[in-house]
Amino acid sequence: MIRVTIWNENVQDPVDTRVRDAHNGKAIHDTLKELVEECADVKVCHTLTLDMPECGLTEEILANTDVLLWWSHVAQEKVPYEIAMRVCEHVQRGMGIIFLHSAHSAI
């Protein structure tokens with residue numbers, strides 16, 4: 001079973017009705033979770049957002065993640081440096097990461 005964690009900055013989702021409308025009233029991470037869970041042998045273990053303590057990206061969660069899906073658009077600079085470095089360390093140790101949307105300037 002592939003353990004997937006989905007991270008979404010979740011900045012526009014709560015305030016932009018266009019985003020909510022595009023995702024049938026849900027947040028982007030909820031839509032991603034539904035899509036990912038359609039895959040056999042994949043389990044979404046966590047959906048995390050920027051507003052959580054440590055952006056949700058705790059050592060324990062990352063240690064139990066095989067692949068991190070990272071959705072960002074307008075607030076990637078709000079991820080504290082130490083959290084970004086924590087994610088990088090896990091990637092360097094073998095955790096997969098998939099950057100989505102405007103995440104090209106993240107981490």
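- Cluster membership for V42 and W71, using ILVMFWY side-chain heavy atoms within less than 4.5 angstrom, is shared.
- Here the options are V67, V4, I6, V36, the test is side-chain contact (heavy atoms from CB on, under 4.5 Å), and the partner is I98; only V67 passes.
- Two residues are said to be in side-chain contact when any heavy atoms from C-beta on lie closer than 4.5 Å; V87 and L62 meet this criterion.
- How far CD of E77 is from OG of S72: 9.5 Å, rounded to the nearest 0.5 Å.
- Note that CG of D66 is 13.5 Å distant from CD1 of I97, once rounded to the nearest 0.5 Å.
- A side chain to side chain donor-acceptor pair (under 3.5 Å) with H29 is found for one member of N8, T49, T47 and no other, namely N8.
- Closest approach of W7 to C55, counting heavy atoms only: NE1-O, 3.0 Å.
- With hydrogens and angles disregarded, a donor-acceptor distance shorter than 3.5 Å links the side chain of T58 to the backbone of I61.
- Side-chain contact between W70 and L57 is present, with heavy atoms from C-beta onward closer than 4.5 Å.
- Counting heavy atoms of neighbouring residues, nucleotides and ligands inside a 6.0 Å radius, atom CD of E82 exceeds 12 of them.
- Side-chain contact check for V44 versus K33: some heavy-atom pair is nearer than 4.5 Å.
- E54 is listed as a side-chain neighbour of R86, based on a closest heavy-atom distance under 4.5 Å.
- Residues A63 and H90 approach most closely at N-CE1, 3.6 Å, considering heavy atoms.
- To the nearest 0.5 Å, the span separating CG on L69 from NE2 on H46 amounts to 13.5 Å.
- With rounding to the nearest 0.5 Å, the separation of CG in D41 from CD1 in I2 is 7.0 Å.
- Side-chain contact between K43 and R3 is absent, with no heavy atoms from C-beta onward closer than 4.5 Å.
- A continuous path of ILVMFWY side-chain contacts below 4.5 Å connects F99 to V91, so both sit in one hydrophobic cluster.
- The distance from atom CE of M52 to atom CG of N10, rounded to the nearest 0.5 Å, is 9.0 Å.
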